[in-house]
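See below for the structure under consideration.
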Amino acid sequence: GILPPKSEIFASLISIMGKKKAQADASSSGDFPRGGGSTLAPLERRGAEKAAERDVLFGSQSLANDGSALKSEKNRKKKSSKKALKDDAKASEAAALDALGLTGNTASIPKYVSSLKYKALKQGCFVFGVVKEVGIREAKISLPNTLNAILPFEQVADEGIDLGDATLKDLITEGQAWNFSVVSTERVDGKNRAVVSLRTSVAHSAVVPGDLEPGRVIQGTVRSVEDHGFVIDLGVTGIRGFVATKDAGAGGKNIRAGTPAMCKVNKTIEKRGI
């Protein structure tokens, strides 16, 4: 037969190719829409959006709940710890009251240590002090809370102890710490003045021999120096102490009658009054 002109053939081919391309685009547009479009119907799209919103809201709420639960647990443990400490303190206070025979009387137990004031220095009270300055006949004693007192030579040792030609400098030295008894308070030249003592008869007037149990620490005064040790005046009627030379330490060679001595009771010999 006679073939159609080339122009008609090309036109037919272009038409066929155009139809096939259109069919391919239509087939793929359902799975991969162009321009970021959605293949969901409007109703389906709204449902999906609401579901996503619910997930976000519920997820945030869950995190908030987890944080609140953790904080509550920490607070609970903290309160429990504080309660335990408070209970322990109450138990300790109760035990102290029982030991002192003051069960139920909490008002008699001080809650803190008051600063020492001059008006608290009454005759007969005891105070811990440090030798600050030493003269021949008088020493200056430093007391707590920047208070001061005077120790006269006559208040170092009891009568009956032979001090010989000793001065105060021979018996005590600066820096030593001792328990002092307050014997008087007065005001001199517009200043308060407290006089203290190291005399054992003043400090231990209420001590009886039965109180001197092994292990007790008691302050005394050297009454005499013997060949193998020192006789100690304790201020307790019918009882004297004895310290062997070997137990006196390196400073034993400087000890003389009238020297204060801090002693520890090792044993008692009732028949000999030692």
Are [X] and [Y] connected in the hydrophobic side-chain network, where two residues link if heavy atoms are under 4.5 Å apart?
X	Y	result
Ile172	Ile255	no
Val183	Val156	no
Val127	Val217	yes

What is the minimum heavy-atom distance between [X] and [Y], and which atoms define it?
X	Y	value
Ala177	Phe128	CB-CZ, 3.4 Å
Pro214	Asn266	CB-O, 3.6 Å
Ile232	Gly220	CG2-CA, 3.9 Å
Met262	Trp178	N-CZ3, 3.9 Å
Ala157	Gly258	CB-CA, 4.3 Å
Leu163	Ala257	CD2-O, 3.6 Å

- Pairwise salt bridge (charged side-chain N to carboxylate O under 4.0 Å, His left out) hits with a residue in residues 204-227, at least two apart: Arg223-Asp233
- Which pairs pass salt bridge (charged side-chain N to carboxylate O under 4.0 Å, His left out) with one or both residues in residues 254-264, sequence neighbours excluded?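 Residue pairs passing salt bridge (charged side-chain N to carboxylate O under 4.0 Å, His left out), neighbours aside: Asp165-Arg256.
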- Query: Taking the side chain from Glu138 and the backbone from Gly135, do they hold a donor-acceptor pair closer than 3.5 Å?
  - Reply: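 Side chain of Glu138 to backbone of Gly135, a donor-acceptor pair under 3.5 Å: no, none is there.
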- Taking only residues two or more places apart in sequence, or in another chain, which ones meet Thr237 in a side chain to side chain contact (heavy atoms under 4.5 Å, CB included)?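 Side chain to side chain contact (heavy atoms under 4.5 Å, CB included) check on Thr237 returns nothing, list empty.
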- Task: List the steps and the verdict of side-chain contact (heavy atoms from CB on, under 4.5 Å) for Phe230 and Val222.
- Result: CA-CA 7 Å; Phe230 310 92; Val222 176; 4.3 Å; yes
Less than 3.5 Å apart, which donor and acceptor atoms pair up between the side chains of residues 139-154 and the rest of the protein, not counting sequence neighbours?
from	atom 1	to	atom 2	distance (Å)
Asn145	ND2	Leu116	O	2.8
Glu154	OE2	Arg137	NH2	2.8

- Message: Just to verify, what does Ser184 make a side chain to side chain donor-acceptor pair (under 3.5 Å) with, not counting sequence neighbours?
- Response: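 Not a single residue meets the side chain to side chain donor-acceptor pair (under 3.5 Å) criterion with Ser184.
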- Message: So, using side chain to side chain donor-acceptor pair (under 3.5 Å) as the criterion, who are the partners of Thr167 when residues are at least two apart?
- Response: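 Partners of Thr167 under the side chain to side chain donor-acceptor pair (under 3.5 Å) test: Asp170.
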- Query: Does atom CD1 of Ile136 have more than 12 heavy-atom neighbours from other groups under 6.0 Å away?
  - Reply: no
- Query: Between Leu171 and Thr259, is any pair of side-chain heavy atoms under 4.5 Å apart?
  - Reply: yes
- Message: Taking side chain to side chain donor-acceptor pair (under 3.5 Å) as the cut-off, I'd like each qualifying pair that reaches into residues 116-131, sequence neighbours left out, listed once.
- Response: none
Ignoring hydrogens and angles, write down the donor-acceptor pairs under 3.5 Å from the side chains of residues 187-206, residues two or more places apart or on other chains.
from	atom 1	to	atom 2	distance (Å)
Arg187	NH1	Asn192	OD1	2.7
Arg187	NH2	Gly190	O	2.8
Arg193	NE	Glu186	OE2	3.1
Ser197	OG	Gln155	O	3.2
Ser197	OG	Gln155	OE1	2.8
Ser197	OG	Arg199	N	3.0
Arg199	NE	Asp158	OD1	3.1
Thr200	OG1	Asp158	OD2	3.0
Thr200	OG1	Gly235	N	3.3
Ser201	OG	Asp158	OD1	2.4
Ser201	OG	Asp158	OD2	3.4
His204	ND1	Leu234	O	2.6

